[in-house]
Amino acid sequence: LNDDNAYFSIPAEFVQSGMKGSFDGTSMILMGCDVLRGERLAKAFVERGAGVVVGWDAPVTAPHTDAATLQMLHLHFEDGVPLDEATAMVMADLGPDPFYDSTLRVYDGDE
């Protein structure tokens, strides 16, 4: 496939039955569309041991998720800001996706 607009995704069912092992508290940063819409995918990762899942609650444009991801990763890994705070800071700075109005959120299974 030679398509610059191709994207990769996995369904919750793959995480539930196709993956082996556990994530042992790992923070999952999934920056594609709809990760937290209905929360099935995020819940599947948490049930496999992930500590939290960061993702969008609706479709998101590639430029917006790219900008948000870079800013969030910088805040978290370079500045030491906790992931939930870094996510909130990114949303306060960049705001929702300008086309789809999707929001970047953190899911920990307690929602």
Side-chain angles (χ1 to χ4, degrees):
L1 178 68
N2 189 15
D3 183 354
D4 290 341
N5 294 317
Y7 299 95
F8 175 79
S9 68
I10 60 171
E13 293 79 11
F14 176 76
V15 177
Q16 293 165 330
S17 61
M19 291 183 159
K20 304 293 181 221
S22 69
F23 292 104
D24 300 324
T26 300
S27 296
M28 306 301 290
I29 300 172
L30 308 174
M31 300 308 289
C33 297
D34 298 321
V35 169
L36 294 176
R37 181 185 295 201
E39 301 176 346
R40 287 183 58 221
L41 181 59
K43 182 178 179 184
F45 274 106
V46 169
E47 286 174 349
R48 280 225 173 263
V52 298
V53 177
V54 178
W56 296 93
D57 62 3
V60 63
T61 57
H64 196 70
T65 193
D66 289 349
T69 301
L70 289 173
Q71 187 174 351
M72 183 188 57
L73 292 175
H74 177 84
L75 286 166
H76 182 59
F77 289 109
E78 292 185 23
D79 296 343
V81 177
L83 195 54
D84 58 339
E85 291 178 34
T87 302
M89 291 170 71
V90 167
M91 284 306 302
D93 183 41
L94 296 180
D97 181 87
F99 188 77
Y100 294 107
D101 199 38
S102 53
T103 302
L104 185 63
R105 298 189 300 118
V106 177
Y107 176 87
D108 62 7
D110 291 335
E111 299 178 14

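Note that the structure is predicted; figures quoted are calculated from it, not measured. Side chains included, hydrogens not; waters and symmetry mates left out as well; all remaining heavy atoms used. The first residue in the sequence is number 1, and the count goes up from there.
Pro59 and Ser102 make their closest contact through O-OG, 2.7 Å (heavy atoms, listed as atom of the first residue, atom of the second, distance). Minimum heavy-atom separation, Ala68 to Leu104: CB-CD2, 4.4 Å. Listed here is the closest heavy atom pair of Ala42 and Tyr107: CB-CD2, 3.5 Å. The shortest heavy-atom contact between Gly21 and Arg48 is O-NH1, 2.9 Å.
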Name each donor-acceptor pair under 3.5 Å that joins a side chain in residues 29-37 to protein atoms two or more places apart or in another chain, with its distance.
from	atom 1	to	atom 2	distance (Å)
Asp34	OD1	Arg37	NE	3.1
Asp34	OD1	Arg37	NH2	3.2

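At distances below 3.5 Å, not a single donor-acceptor pair connects side-chain atoms of His76 with backbone N or O atoms of Pro82. Of the possible polar contacts, none joining the Asp79 side chain to the Val81 backbone as a donor-acceptor pair under 3.5 Å is found.
Under the 4.5 Å side-chain heavy-atom criterion for grouping Ile, Leu, Val, Met, Phe, Trp and Tyr, Phe14 is connected to Leu41 within one hydrophobic cluster. Neither Phe99 nor Val60 shares a network with the other; the hydrophobic side chains, linked directly or stepwise wherever heavy atoms of I, L, V, M, F, W or Y lie under 4.5 Å apart, form separate groups for each. Hydrophobic clustering places Ile10 together with Val46 (ILVMFWY residues linked when any side-chain heavy atoms are closer than 4.5 Å, directly or through intermediates). By the rule that hydrophobic residues join a cluster once side-chain heavy atoms approach within less than 4.5 Å of another member, Leu70 and Met91 end up as members of separate clusters.
Under the side-chain contact (heavy atoms from CB on, under 4.5 Å) rule, Val54 has a single partner from Leu83, Val90, Thr69, Asp84, which is Leu83.
Applying the ring-ring contact (aromatic ring centres under 6.0 Å, His included) criterion to His64, with sequence neighbours excluded, gives Trp56. By the salt bridge (Lys or Arg N to Asp or Glu O under 4.0 Å) test, Glu85 is found to be paired with no residue, residues two or more places apart in sequence or in another chain being considered.
Remark: Glu39 CD to Phe45 CZ distance equals 14.5 Å, nearest 0.5 Å. To the nearest 0.5 angstrom, Glu13 atom CD is 4.5 Å from Arg40 atom CZ. Once rounded to the nearest 0.5 Å, the distance linking CE of Met89 with NE2 of His74 reads 9.5 Å.
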